[in-house]
K.L.:
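Would you mind keeping the following structure in view while I ask a few things?
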Amino acid sequence: MELSSTPFDNYTLCTLNGEITVAEIPSLTPQLSRQLTIEPPQDLIIDLSNITHIDSSAIRLLTNVKKRLEKVDKTLFLLNPSEQVTRVLVKLGLDQSFSIISALDDLRKELTRNRFERYLPFVHNENGLRRLSLACAVCGSQNIAGYLIEPSAYIWRWEEGDPFPTSYAKKDKKPFNVFGLLPIVCNDCGMSSIDLSHFHAAEKDRIEIHAGLIDEIKSILAKSIKQRKRLVEPVQEDTSELFVFPRSKEGCYLAYELARICSRSMAFDKKVGIHFTIGYTTFLTIQFADPSLKDDLINDCRTWFTHVLNDKESYNSLHLAISYFILMNVALHIKKPKEAIAAYNQFTEMMNSLPPETGELDIESPHFWYKQAKNIWHIEIKSRSSEMRL
């Protein structure tokens with residue numbers, strides 16, 4: 001029994017084929033054990049869609065894998081188990097014990113929910129927001145400015161022709177810039193990221209959840225501390241307050257610039273997903289940048305998202321939807337209509353392959369991004385205008 005694995009940004013996908021019986025356990029056990037020694041630990045998804053037969057010994061092995069992952073605060077997901085696998089799980093009374101998903105896109109929602117719940121114990125109220133208790137994986141400081149954001153807790157809308165969505169607080173329906181709070185920043189070394197998993201969750205000098213960064217990346221980030229500090233030095237105000245809510249436009253821009261520096265350093269790891277993180281961080285930076293800097297940022301977006309679409313198999317539909325959306329906007333802005341048409345047509349083709357979503361759409365739905373892509377397409381293409389408001 002051969003197990004193939006693909007590492008993603010925050011999880012590993014393992015694929016099995018054929019039959020898993022007691023005879024296969026001796027060869028399968030060490031292969032799965034190797035996946036559990038990945039540092040830092042990751043959630044594990046085992047694709048069972050092509051398993052034609054499984055017996056109770058294999059289920060016991062999966063149960064042991066599940067327990068070992070739970071010890072490091074990670075989750076085992078079973079992807080699209082076949083009817084035969086499901087029957088065995090039901091017979092053993094274990095069908096409710098495993099986290100089962102029918103498609104990788106379901107994983108996105110599960111991981112978002114799990115991460116929110118995982119970090120919820122490490123927050124305290126600050127002006128109505130959930131301020132996180134974190135520690136820097138680079139310098140060890142707990143002087144971190146960061147907030148636990150739940151995108152579904154906000155109402156998301158598009159303004160006509162705007163490439164950036166607007167978020168509203170559900171309580172009073174007033175605009176609230178979620179993006180302005182997104183990068184988490186270490187006030188001491190300038191480590192910054194839009195990815196919460198790049199920081200430790202800590203309470204009273206004790207690390208409760210370890211950051212998802214390998215030692216080589218931590219070392220690279222430590223070597224660039226001086227570069228990050230030089231970026232913040234011109235700011236006259238106390239930097240310990242610069243990234244605390246409410247952040248000024250300058251504070252938001254600096255948080256994203258720091259995050260861009262850090263994300264490019266992480267590209268050394270070549271882990272699947274980093275190109276999207278760099279591109280998306282760059283895209284969000286545009287909102288807060290001086291107009292003189294925007295063209296360079298837009299060109300950077302084009303570079304990084306082109307990398308994403310050259311490796312489509314490594315990304316879920318949300319990542320691809322955002323990538324198509326941004327590349328379409330960028331192509332229109334730099335007056336490359338053929339690129340815009342290609343991005344929009346490929347986006348449409350992908351969306352036609354997805355099931356429709358019901359209810360109110362939010363920023364974590366591919367349909368949400370496609371809705372605005374269609375609006376911009378009609379506004380800009382039909383009017384033969386190629387100027388975007390980036």
K.L.:
Okay, side chain of S82, backbone of I51: is any donor-acceptor separation there less than 3.5 Å?
P.N.:
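Present.
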K.L.:
So, K173 side chain and K170 main chain: donor-acceptor pair closer than 3.5 Å or not?
P.N.:
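Here the side-chain-to-backbone pair exists.
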K.L.:
Measure up the W304 and H307 rings against each other and bin them: parallel (under 30°), tilted (30 to 60°), perpendicular (over 60°).
P.N.:
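Because their plane-to-plane angle lies in the 30° to 60° range, the rings of W304 and H307 count as tilted.
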K.L.:
Is a side-chain N or O of Q372 found less than 3.5 angstrom from the main chain of E159, in a donor-acceptor match?
P.N.:
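Present.
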K.L.:
Which residue pairs satisfy the ring-ring contact (aromatic ring centres under 6.0 Å, His included) criterion with at least one member in residues 134-161, sequence neighbours excluded?
P.N.:
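Qualifying pairs, neighbours excluded: Y154-F176, W156-F179, W158-F325, W158-F368, W158-W369.
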K.L.:
Is the closest side-chain donor-acceptor distance between S248 and Y253 under 3.5 Å?
P.N.:
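Y253 and S248 do not have a side-chain donor-acceptor pair below 3.5 Å.
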K.L.:
Would you call the rings of F305 and F276 parallel, tilted or perpendicular, where under 30° means parallel and over 60° means perpendicular?
P.N.:
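Judged by the thresholds at 30° and 60°, the geometry between F305 and F276 is perpendicular.
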K.L.:
Does F243 belong to the same Ile/Leu/Val/Met/Phe/Trp/Tyr cluster as L231, with side-chain heavy atoms less than 4.5 Å apart forming each link?
P.N.:
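Looking at the clustering, L231 is in the same group as F243.
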K.L.:
Taking V178's backbone N and O only, do any of them form a donor-acceptor pair with S167's side chain (distance below 3.5 Å, no angle check)?
P.N.:
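Pair found, side chain donor or acceptor close to backbone of V178.
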K.L.:
Please confirm whether the backbone N or O of P26 pairs with a side-chain atom of T29, one donor and one acceptor, at under 3.5 Å?
P.N.:
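Pair absent, no side-chain N/O of T29 close to backbone of P26.
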K.L.:
Between D362 (side chain) and P151 (backbone), is there a donor-acceptor pair under 3.5 Å?
P.N.:
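Between the backbone of P151 and the side chain of D362 there is no qualifying donor-acceptor contact (under 3.5 Å).
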K.L.:
Could you go step by step and tell me if E233 and K229 meet the salt bridge (charged side-chain N to carboxylate O under 4.0 Å, His left out) rule?
P.N.:
CA-CA 6 Å; E233 275 175 2; K229 286 189 173 181; over 6 Å; no
K.L.:
If you look only at distance, which donor and acceptor atoms sit under 3.5 Å apart when one is on a side chain in residues 208-222 and the other is two or more places apart or in another chain?
P.N.:
{"from": "E208", "atom 1": "OE2", "to": "R206", "atom 2": "NE", "distance (Å)": "3.1"}

K.L.:
Would you call D43-R118 a salt bridge at under 4.0 Å N-O?
P.N.:
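Judged by the 4.0 Å cut-off on N to carboxylate O distance, D43 and R118 do form a salt bridge.
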